Amino acid sequence: MSLLKVAVQKSGRLSEDSLKLFNECGIKFNNGAKKLKAQSHNFPIEFLFLRDDDIPGYVEDGIADIGIVGQNVHEEYGKDIEVVKYLGFSKCRLSLAIPREDSYTDVTYFEGKNLATSYPVILKKFLDEKGVKADVHEISGSVEIAPGIGLAEGICDIVSSGSTLLSNGLKEVETVMKSEAVMVASKSLSTDKKNILNQLIFRINAVLEGKNKKYVLLNAPNDSIDKIIDLLPGMRSPTVLPLAEKGWSSIHSVISEDDFWENIEKLREAGAEGVLVVPIEKMIK
Ligand code: PRT
Ligand code: ZN
């Protein structure tokens, strides 16, 4: 029986959410001592805990079969591996930033400038596409301090809330790429391993589908049922059950969180009351 070897970040911004995802997929393992490896006892998976920068290369070389990394790392290393699932966490962007006091019009600002980044491949590709020639210097950490110490005139770095740029006197002027965590896989998996990966992706889909959806239960007078059903299309069609009180029904449906907030006023106007919104743990279409 094959084991699918999964590379996840040992410690960092991706670690907790990556392990949480496997946990929500019902895949149990013991990672107590933060070892290099751990095997699940209820799913044919073995975890390898690595630095995120090493994951694309290890997946390409077959040391790991699949891995979880930021799209930024996947693009930068450009390994011959494929993205098999967008995971929706660790969202951020790779942006160009310049000193706050400088005025900015467009990307031609960067012509002939010195730029510091940990993502030279992605940045050079972006500048090439825009027809801008700049000097790109690779530095491995604390990119945001480069302009302050005279090392560069601008930077290209990961931005999430923007507070790191702000506290270093910088402003974000161009988004180079948007990123989220992705599952990457080797292009040469055996049939056995592909089957395990498909089972894993089936479970991940069920978890991700459930995340944005809510189970809604509400009471309504029978003559409002049609109007309410129009507002709650549900998976196939909503469930309608009679209440003990004559002339009233309980309506159950599944709705996305955004649609729920958009429709709540209309539901109330249509006669809905006693509305309950319940989280969904897994959803299989
Ligand atoms: O040790 P190892 O090499 O494994 O980890 P690492 O230090 O290289 O990576 P880590 O754990 O910092 O980030 C892993 C991945 O998380 C990145 O490749 C991104 O895909 C994603 N991610 C999401 C982020 C951020 N948000 C983020 N805010 N990566 C880094 N940052 C840093 C950024 O470099 C900057 O210093 O946070 C600062 C900006 O944050 P704000 O909120 O101030 O804008
Ligand atoms: Zn790293």
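Just so it is clear, the structure is predicted and the values come from calculations on it, not from any experiment. Atoms within each ligand, like the ligands themselves, are counted from 1 in listed order.
- In terms of protein heavy-atom proximity, atom 17 (C) of ligand 1 is nearest to N72 ND2, 3.7 Å.
- Protein heavy atom at the shortest distance from atom 8 (O) of ligand 1 is D52 OD1, 3.3 Å.
- Within the 4.5 Å cutoff, the side chain of I81 has heavy atoms near those of the H74 side chain.
- Contact atoms of ligand 1 toward G12: 11 (O) (distance under 4.0 Å to a heavy atom of the residue).
- Ligand 1 places these atoms under 4.0 Å from at least one heavy atom of S161: 41 (P), 42 (O), 43 (O), 44 (O).
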| task | Run the numbers on K133 and E111 for salt bridge (charged side-chain N to carboxylate O under 4.0 Å, His left out), then give the verdict. | result | CA-CA 5 Å; K133 287 199 173 51; E111 187 69 37; 6.0 Å; no
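- Applying the side-chain hydrogen bond (donor to acceptor under 3.5 Å, both in side chains) criterion to K213, with sequence neighbours excluded, gives no partner residue.
- The structure places CG of L94 at 7.0 Å from OH of Y119, a figure rounded to the nearest 0.5 Å.
- Set against the non-hydrogen atoms of V73, the atoms of ligand 1 under 4.0 Å away are 18 (O).
- Here the shortest heavy-atom pairing between L36 and L50 reads CD1-CD2, 4.5 Å.
- Residue R51 has at least one heavy-atom neighbour below 4.0 Å for each of these atoms of ligand 1: 1 (O), 2 (P), 3 (O), 4 (O).
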| message | Please determine whether side-chain contact (heavy atoms from CB on, under 4.5 Å) holds for the pair L87 and I204, giving the CA-CA distance in whole Å, both sets of side-chain angles, and the decisive distance to 0.1 Å. | response | CA-CA 8 Å; L87 300 173; I204 292 175; 4.0 Å; yes
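- Remark: ligand 1 and G162 share an N or O pair separated by less than 3.5 Å (distance only, no angle test).
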Listing, residues 17-29 side-chain donor-acceptor contacts under 3.5 Å, not counting sequence neighbours, or none:
residue: S18; atom: OG; partner: L14; partner atom: O; Å: 2.6
residue: E24; atom: OE1; partner: K211; partner atom: NZ; Å: 3.0

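- Taking every heavy atom of T164 and a limit of under 4.0 angstrom, the matching atoms of ligand 1 come to 38 (C), 39 (C), 40 (O), 41 (P), 43 (O).
- Using a 4.5 Å heavy-atom cutoff, the side chains of F110 and L115 are in contact.
- Clustering of Ile, Leu, Val, Met, Phe, Trp and Tyr by side-chain heavy atoms under 4.5 Å joins I139 with V143, I145, I149, L151, I155, V159, L165, L170.
- For atom 34 (O) of ligand 1, a protein non-hydrogen atom is found at a distance below 4.0 Å.
- In this structure, the side chains of Y86 and M183 stay at 4.5 Å or more apart for every pair of heavy atoms.
- Heavy-atom proximity to G70, at under 4.0 Å, picks out these atoms of ligand 1: 20 (O).
- Residue-and-atom listing of protein N/O/S atoms under 2.8 Å from the Zn ion (ligand 2), sorted by chain and number: D52 OD1, D53 OD1.
- Between the side chains of K35 and N30, no donor N or O sits under 3.5 Å from an acceptor N or O.
- Which parts of ligand 1 touch D157 is read off a 4.0 Å heavy-atom cut-off, strictly below it: atoms 34 (O).
- The protein heavy-atom contact nearest to atom 16 (O) of ligand 1 is R13 CB, 3.7 Å.
- No side-chain heavy atom of V216 sits less than 4.5 Å from a side-chain heavy atom of H252.
- The distance from ligand 1 to the heavy atoms of I158 drops below 4.0 Å at these ligand atoms: 24 (C), 25 (C), 27 (C), 29 (N), 30 (C), 31 (N), 33 (C), 34 (O), 35 (C), 39 (C).
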